[in-house]
Amino acid sequence: MDQETILKDLNPPQKEAVVTWQGPLLILAGAGSGKTRALTHRIAYLIAVQNIAPRQILAVTFTNRAAKEMRARVETLLDDHAKGIMLGTFHSCCLRILRRECHHIGFNNDFVIYDTDDQSRILKSVLQDLKINDRIVTPRIAQSRISRAKNKLIIPEKYLQSIKEPSFLDEQIVKVYKKYQEGLRANGAMDFDDLIVNAIELFDQFPEVAEHYQDRFRYVLVDEYQDTNHMQYKLIRQLTKKYQNICCVGDDDQSIYGWRGADIKNILNFESDYPEAKIIRLEQNYRSTSNILKAASAVVRVNRMRKVKELWTKNQDGSTISAFEAQTEREEADEIVSQIKKIMQFHPEVKLNDFAILYRTNAQSRSLENGFQLSRIPYTVVGGLRFYERKEIKDALAYLRLVTNTVEEMSLRRIINVPRRGIGSTTIERLSNFSKLNKCTMYQAMERCDEIATLSSGLKRKVINFVDMIERFQEKKKQVPMDDFAQHVLQETGYYAHLKSEYGPDREDRLENIQELLSALKTHEEEVIDPSLENFLADVTLVADVDQWDDDQDSVTLMTLHSAKGLEFKYVFITGLEEGLLPHFSSLEIPEQLEEERRLFYVGITRAQEKLFLTHALNRNRYGNESLPSTPSQFIKEIPEELIEELTRTTRRNKRRTKFSTVESSARKVDIDQYEQEVEAPEDNDSIVLKVGDQVRHPSWGVGEILTCKGKGDRQKVTVRFHNGMQKRLMVKFANLTKV
DNA sequence: GGCCCGGTGATTTTT
DNA sequence: TCACCGGGCC
Ligand SMILES: Nc1ncnc2c1ncn2[C@@H]1O[C@H](COP(=O)(O)OP(=O)(O)OP(=O)(O)O)[C@@H](O)[C@H]1O
């Protein structure tokens with residue numbers, strides 16, 4: 001790859017950004033103006049033209065998704081020459097540094113990373129220990145306060161000073177914060193924020209280590225710089241102090257992480273931080289049609305707290321923006337599905353990958369997923385619950401971790417009684433007390449449970465059995481491959497059987513996930529240079545997904561507006577445009593936050609290349625069944641009327657959920673035969689008695705097995721796993737099931 | 001002391 | 001819908 005090729009597809013300001021390869025550089029520009037392209041080409045230029053070694057380059061992003069996207073783009077340009085670039089999220093880059101260097105700051109290099117769930121577990125026990133009323137200080141509140149403090153690099157000792165008028169709550173929080181940090185230390189654990197805080201502390205306390213990394217990362221690039229919070233900013237400052245080869249890319253209009261402490265000042269003060277800085281602005285948008293861009297600009301222009309910046313495009317007007325008002329969220333989902341089918345029908349070249357469905361909260365994906373499942377359109381949900389956050393995966397990992405590390409208590413507590421072995425909360429408390437009194441770990445307390453007078457002999461037996469089992473595992477681990485070992489552990493602990501016996505709507509999914517974990521272990525063993533269970537466990541927490549196979553599959557993408565940042569799709573649906581959702585309830589009263597919500601909408605709009613759909617429902621299910629009236633978002637009105645065209649319903653469905661009107665159904669069957677069609681479900685139904693394990697027949701889905709039963713009579717709901725693999729929740733009253 | 005069941009309250013966004 | 005808590009039962 002030569003200079004010409006690298007510069008070929010860039011406009012003059014982009015070119016300038018790429019060839020300005022030394023010194024501080026800020027690319028400040030609106031959405032879709034080619035910032036990321038400039039950044040990736042700059043990396044290619046550094047390596048291919050200036051002969052910089054890939055390992056001297058550090059490129060950071062905020063989300064895994066963005067990192068993945070960036071890596072893909074760089075690899076397209078450089079192929080194998082991209083190997084060795086440290087490219088990742090702030091967290092994953094810090095993790096890699098800390099695994100090597102954490103001994104300086106008193107951590108063992110097998111330190112554990114606690115995710116949000118682990119954090120609240122710790123906090124819960126801290127609150128208990130401190131006898132703090134957990135109604136006043138909930139784990140959630142404590143967690144967010146502590147995180148906010150860490151984001152600003154405020155240690156517990158400085159916490160009160162940092163607040164003008166400390167309230168009673170703040171006084172409680174300090175105590176919790178302090179104890180929480182002690183708890184993490186004792187377990188050899190760090191939370192997400194600590195990864196960055198500790199990297200900074202490492203560099204602060206050990207200038208020679210800092211210098212080593214300054215020398216190593218001679219060229220630093222940061223995408224979405226407007227989203228940096230104070231600690232991330234500090235880290236970047238530390239790393240670039242010596243050489244000042246820093247290139248940041250950002251757009252203040254796309255700042256959507258204020259709640260995580262992101263501070264737009266970081267980007268606005270770039271010039272004073274780096275007086276030599278060159279600033280390049282990009283104003284031509286290449287991504288979207290003119291109509292989409294006009295809509296986006298009109299929306300973001302409403303914000304008062306903003307630097308004025310205009311974008312233009314040579315692209316065509318394109319089609320108008322379609323708006324759709326649905327009665328319910330089901331109808332919203334149906335309409336989206338039918339629009340997608342329609343587009344696919346008229347434009348055979350369009351792929352499912354060209355569609356994105358965006359929403360404000362992860363919970364909104366549910367109704368949309370339902371719609372896609374019914375229509376058999378393949379879809380992928382990005383974000384939400386990550387693979388390694390799933391309960392069964394965390395349980396399995398806890399067993400594996402316990403075998404490799406008996407010091408860390410969370411894993412032990414997590415699985416000590418899963419499946420039930422009669423070691424309940426009272427026994428656990430006694431073990432825990434003993435460990436505190438004798439300054440040993442809880443696992444050691446278990447080994448020494450003979451010394452605990454309050455334990456009955458029956459309980460001692462159970463505890464010893466558990467310890468023996470773990471010891472046998474430690475032996476076994478040395479003898480067999482990792483995946484076999486994991487399988488053995490899950491078998492012997494009874495965890496497998498436990499999962500199998502738990503009939504539930506997602507029993508099969510759980511078992512599948514476990515299989516997935518086993519194959520991930522196998523992959524690790526086969527493909528990593530230095531495979532070990534320890535190494536596998538080391539970065540598992542930061543891995544977002546293991547679904548490599550999904551990448552190649554053509555499917556519609558469902559994700560939050562936050563995760564969509566930096567990405568682009570031909571067709572974008574922004575859903576749930578309702579007051580209280582977008583803008584979200586919690587932002588309605590605070591002007592700054594309302595503006596952030598508006599920027600979020602702006603980010604959503606600007607993801608679209610060709611066509612934008614805006615949908616809202618008049619009734620939305622808040623928690624559970626309750627359907628509450630919902631009014632259209634104020635943001636919709638901010639788009640000039642002439643750009644929007646109101647869609648009339650193309651789906652017409654009876655109020656009752658499983659029923660489709662026959663006319664509709666057959667009409668669509670003619671339209672598209674690519675996907676199977678839903679069939680009308682007769683509504684008359686003798687109430688039949690169903691129980692778990694029964695085989696039933698459904699008029700369109702065929703024969704299946706009942707996995708769960710809920711409710712009685714007319715309100716009875718069942719989950720059925722059909723032989724074709726589909727799993728459905730059905731109201732017996734409407735589903736027209738027959739026993740077979 | 002442990003377990004199961006039923007009632008209750010809660011929900012933003014990411015690492 | 002789901003996780004958590006408290007009461008009653010083994
Ligand atoms: N000089 C160019 N000529 C043609 N197309 C370009 C040019 N620069 C960028 N593009 C295209 O424009 C689109 C947007 O580019 P890119 O993702 O780099 O923008 P961005 O500024 O990072 O956007 P955002 O801030 O919204 O993430 C991409 O499809 C990219 O291929």
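Residue numbering restarts at 1 for every chain, and letters A, B, ... go by the order of the sequence lines.
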Taking atom types as modelled, is there a side-chain donor on [X] or [Y] under 3.5 Å from an acceptor on the other?
X      : Y      : result
A/Y495 : A/D395 : yes
A/S435 : A/S432 : no
A/Q181 : A/K150 : yes

Q) Should the heavy atoms of other residues, nucleotides or ligands under 6.0 Å from CZ of A/R100 be counted, would the total exceed 12? A) no

(Q) So for atom NZ, which belongs to A/K265, do other residues, nucleotides or ligands contribute more than 12 heavy atoms lying within a distance under 6.0 Å? (A) no

Taking 4.0 Å as the cut-off, does a side-chain nitrogen or oxygen of [X] come that near to OP1 or OP2 on [N]?
X      : N      : result
A/R366 : C/dC2  : yes
A/R140 : B/dT12 : yes
A/N362 : B/dT14 : yes
A/N417 : B/dG2  : no
A/T427 : B/dG2  : yes
A/R65  : B/dT14 : no
A/K391 : C/dA3  : no
A/S425 : B/dG1  : no

Q: Just grab all the salt bridge (charged side-chain N to carboxylate O under 4.0 Å, His left out) pairs involving residues 576-595 of chain A, residues at least two apart or on different chains.
A: A/E578-A/R620

Base, sugar-phosphate, or nothing for [X], non-hydrogen atoms under 4.0 angstrom?
X      : value
A/T89  : sugar-phosphate
A/D191 : nothing
A/S587 : nothing
A/F585 : nothing
A/F90  : nothing

To the nearest angstrom, how far is [X] atom [atom1] from [N] atom [atom2]?
X      : N      : atom1 : atom2 : answer
A/N370 : C/dT1  : CG    : P     : 9 Å
A/E592 : B/dT13 : CD    : C1'   : 18 Å
A/R421 : B/dC3  : CZ    : C1'   : 15 Å
A/D227 : B/dT14 : CG    : P     : 12 Å
A/L459 : B/dG2  : CG    : C1'   : 9 Å
A/N151 : B/dT13 : CG    : C1'   : 14 Å
A/L235 : B/dT15 : CG    : P     : 17 Å
A/H562 : B/dT15 : NE2   : P     : 11 Å

(Q) Whether A/E224 and A/K565 form a salt bridge (side-chain N of Lys/Arg under 4.0 Å from carboxylate O of Asp/Glu) is what I want to check. (A)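 Yes, this pair counts.
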
Q) Does A/Y602 have A/R599 sitting over its ring (NZ/CZ under 6.0 Å from centre, angle to axis within 45°)? A)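 No cation-pi geometry.
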
Among [options], find the nucleotide with the atom closest to the side chain of [X].
X      : options               : result
A/T116 : B/dT13, B/dT15, B/dG1 : B/dT15
A/F192 : B/dT13, B/dT15, B/dG2 : B/dT15
A/T426 : B/dT15, B/dT12, B/dG1 : B/dG1
A/E597 : B/dT15, B/dG1, B/dT12 : B/dT12

Q) Which residues in residues 196-203 of chain A have at least one heavy atom lying under 4.0 Å from any atom of DNA chain B? A)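 Those residues whose heavy atoms fall under 4.0 Å from DNA chain B, taken from residues 196-203 of chain A, amount to none.
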
(Q) Go nucleotide by nucleotide along DNA chain B from the 5' end; which of A/D193 and A/R430 gets its closest nucleotide reached first? (A) A/R430

Q) Has A/H584 got its ring stacked on the base of B/dT12, with centres under 5.5 Å and planes less than 30° apart? A) yes

Q.
Any donor-acceptor pair, under 3.5 Å, between the side chain of A/S586 and the base of B/dT12, if you only look at N and O atoms?
A. yes

Q. Do the ring planes of A/Y257 and A/F62 sit parallel (below 30°), tilted (30 to 60°) or perpendicular (above 60°)?
A.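 Correct class here is parallel.
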
